[in-house]
Structures are given as structure tokens and as C-alpha cells.
> 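Just dropping this structure here.
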Amino acid sequence: MDGEDILDSEYRDDDQTDDDDDGEDIDDVPVDENTIAGTYFFIENANGYTKFYGPLWYLYMYNLYIGRIDEDQTKMDLVFCDQKVEMTDEENIQMNVGIPGMTYLDVNGNEVILPSIKAVPAQTYVFTEEKTFSPDTAYWVWGLEMEDWSVADDFPATPDEAKADSRVFDEDEDGNPGVTIHIENPDGFRWMVRRSEQTFSKGTRSTDKQYITGQLLSWDWVQHAVGSEGIDKDGNPTGKPSLLVEQQLDILPRTDIDSTYALRILGSREDAKEDTEGQVYAEDDDDQLCAYLRANFKAVLLGAFPQAAK
């Protein structure tokens, strides 16, 4: 599958409507051409691969944030909303992996949404005189108390080191160490710590000033299981660890398709001609904005990269 085929499979076709599963993009908003300050949806689309049970699996990973660029246009603070991961093998068999912010089933079978991780320090991005992204590297750590996230050697090198590390803590406050994710195949809950590092290219602002887009020049995500709980064939937690759920996945960037990012500016209610049903605005709280982005992130990406549609 080449890059064009992947884009075709990932985004909507022209004959799809806003009622389809990929959701809908927000309305275009009035913008000041002389500034990029404001509130944005920010999406990272990182494409990688791993070995899992023999075959080569392709991973399409989407980090979803709310980004706020300050009035001086010197930094952007981020609130992490969610990560979506889709895995596809050579025969195009798909499975989904749940990460913080996604819906999963708790031990009683109730749907739960893990909290967005808002207690972590806001990330800072530097902008050039052209008022757009310059290459800059951002770091993020989940489930481990690290003083300096940029020091890769300070993160545990192996799952055994992670399990023995006293800095592991229950970041999502569910009673288990690290951050809990729900693995659907094999079925179970994986308790993990993770460090991510990504470098952004200089961004390009669209002619209508609604988007800023660019490439992830590099990214490196390291994660280790610090425990697990299996789920039986009837969907019930076993109360026992699962070595299959804890299996280490080394994720590497793909070189045959670009990894990208996109920012989509949000308008204000004051400027809106009418309060369109289902739309969100810059003044809305983080939970509202994150909920909208989770449901509509692929449509937002299609708006940023219209060449992906056929």
C-alpha cells in the first residue's frame, strides 16, 4: 500500500457526507491575516509500524490536542485530549487500541472515559518572524514522574526497569500504576508508562487562513507495561496479569509515507453569524472541545489536507 492509497483509506471520499462516521469539520471563521493567535484543534498524525504475532503491522496514530497560541505569537499551550491508534496488517485486518481519553469498559462493564491529562506542564512551541512554526521538539511523559522530559536516558530502558522504578504513579487515578489502556486483541488492560518526543517542520498557513499544516520531521515513542489484567472470552476481567497484553511493542516511524500535523482555528461565538447546532467555539471548555475533536478529527484532517480526498 503506497502513501496515496493510505490517504484514500484514511480520509473521506468526496461523495461521503457529514453524517458519516468520520464526522464533520467546523465552520470557517473570520480571521485576522496579521496574526495566528487564537484557539486551535491540533492533530498529529504519526505513521509507524511494528512486529506483532509475526506479521508486520502498520500503525496510524493520531494525537489530539487543544492548542492556544498567545497574543505575542511566541508559544502555544496544549491540552491533551486523546490518542487514537489503528493497526492494520498486510491483509488489512484492523484493530483499535484505547489510550487516555478514549472510552473503555471498567471492571463492572461500565463505559468510562479516562481523564485528559491536564496536570502535566503545558508544551511550548516557538514561532518564526513569518508567524508560523519553526522546527522545534516537544516532549511528553505519561505515568512516570520525570523532572526533565527531554532527557531520554532518564526514562526506563526496559519493562523490568519500569516496574521497579519508584517514580511510576497512577496518573489516571484508576487504582493501577501508570496509565491504563484497553487492548482489544488480545483482550485486556495494560498499565503503562510512556515517553514521546517529536520534532515539527515549519508550518504553512492555508490561503483561507483556517489551517496551519506541516510535517512531523521525526518522532520517537517509548512505552513499557508495568502490569496488566486479562479479560476472558465472556468479557470479564480475570483479576490476573496477561503476558500477551504486556507484550512489548517497539514502534518505528515509516519512511514510505509522511507523518503530518494540522492546526484548525476555532472561531468565537461573538463572531458567529448564528449558533450552529453541533458546532464548538473558542470560548467552550476543554471537555466540550475535546469531545468534538474525538468525534470529528478525520473530517478536520480532510479539511487541512483536501488532496487526500478523491
Side-chain angles (χ1 to χ4, degrees), residues 42 44-52 57 59-65 76-85 87 97-102 114-126 135-183 188-200 216-229 241-254 259 261:
F42 181 24
E44 297 172 347
N45 175 204
N47 298 299
Y49 68 93
T50 190
K51 282 280 190 178
F52 191 62
W57 288 83
L59 285 83
Y60 309 108
M61 298 165 286
Y62 308 91
N63 287 327
L64 313 180
Y65 307 90
M76 179 169 67
D77 293 334
L78 294 181
V79 171
F80 173 74
C81 293
D82 203 348
Q83 183 187 74
K84 305 287 190 181
V85 181
M87 296 175 66
V97 182
I99 308 287
M102 290 185 69
L114 294 175
S116 298
I117 302 174
K118 300 176 183 176
V120 295
Q123 302 298 305
T124 299
Y125 293 84
V126 178
D136 197 14
T137 300
Y139 308 91
W140 208 290
V141 172
W142 293 342
L144 189 84
E145 293 178 325
M146 275 179 59
E147 184 173 343
D148 186 349
W149 292 353
S150 68
V151 182
D153 290 343
D154 198 29
F155 191 78
T158 67
D160 286 341
E161 287 186 17
K163 290 177 181 178
D165 198 314
S166 61
R167 297 172 298 167
V168 175
F169 73 107
D170 180 12
E171 183 155 8
D172 53 9
E173 299 179 346
D174 69 346
N176 299 307
V179 171
T180 299
I181 65 174
H182 178 199
I183 305 295
F189 297 109
R190 191 172 194 253
W191 311 329
M192 54 158 270
V193 295
R194 176 177 169 184
R195 178 183 179 274
S196 64
E197 175 178 333
Q198 49 264 339
T199 302
F200 300 91
L216 285 172
L217 298 178
S218 64
W219 56 268
D220 182 28
W221 297 349
V222 179
Q223 57 190 34
H224 302 310
V226 294
S228 64
E229 182 177 22
S242 169
L243 295 180
L244 292 178
V245 170
E246 292 186 32
Q247 180 171 319
Q248 182 77 1
L249 289 181
D250 295 319
I251 302 173
L252 300 173
R254 292 179 63 175
S259 293
Y261 69 83

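Atom set for the values below is all heavy atoms of this structure, side chains included, hydrogens, waters and symmetry mates excluded. Nothing here was measured: the structure is a model prediction, and the numbers come from that model.
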> So, using side chain to side chain contact (heavy atoms under 4.5 Å, CB included) as the criterion, who are the partners of S150 when residues are at least two apart?
Y139, D148

> Take E246 and K163 through the salt bridge (Lys or Arg N to Asp or Glu O under 4.0 Å) test and state the conclusion after the steps.
CA-CA 12 Å; E246 292 186 32; K163 290 177 181 178; 3.0 Å; yes

> How would you list, by chain and number, every residue that makes a side-chain hydrogen bond (donor to acceptor under 3.5 Å, both in side chains) with R195, sequence neighbours excluded?
E197

> Whether the side chain of D170 engages the backbone of G175 through a donor-acceptor N/O pair (distance < 3.5 Å, no angle test) should be reported.
yes

> Hey, what's the ring geometry for Y65 with W140, parallel, tilted or perpendicular (30° and 60° as the breaks)?
tilted

> I'd like to check the side chain to side chain contact (heavy atoms under 4.5 Å, CB included) partners of D165; sequence neighbours left out, ordered by chain and number.
L144, P156, R167, V168

> Under the side-chain hydrogen bond (donor to acceptor under 3.5 Å, both in side chains) test, which residues partner S259, sequence neighbours left out?
W219

> Using the rule side-chain contact (heavy atoms from CB on, under 4.5 Å), only one of N176, V193, V179 pairs with V226; which is it?
V193

> Just to verify, which of Q223, Q247, E229 counts as forming a side-chain contact (heavy atoms from CB on, under 4.5 Å) with R190?
Q223

> Once ring pair (Phe, Tyr, Trp, His ring centres under 6.0 Å) is applied, do any residues pair with F155, and if so which ones, sequence neighbours excluded?
H224

> Could I get the full list of side-chain hydrogen bond (donor to acceptor under 3.5 Å, both in side chains) partners for D160, not counting sequence neighbours?
none

> Tell me every residue that passes side-chain hydrogen bond (donor to acceptor under 3.5 Å, both in side chains) with D153, counting only those two or more places apart in sequence or in another chain.
none

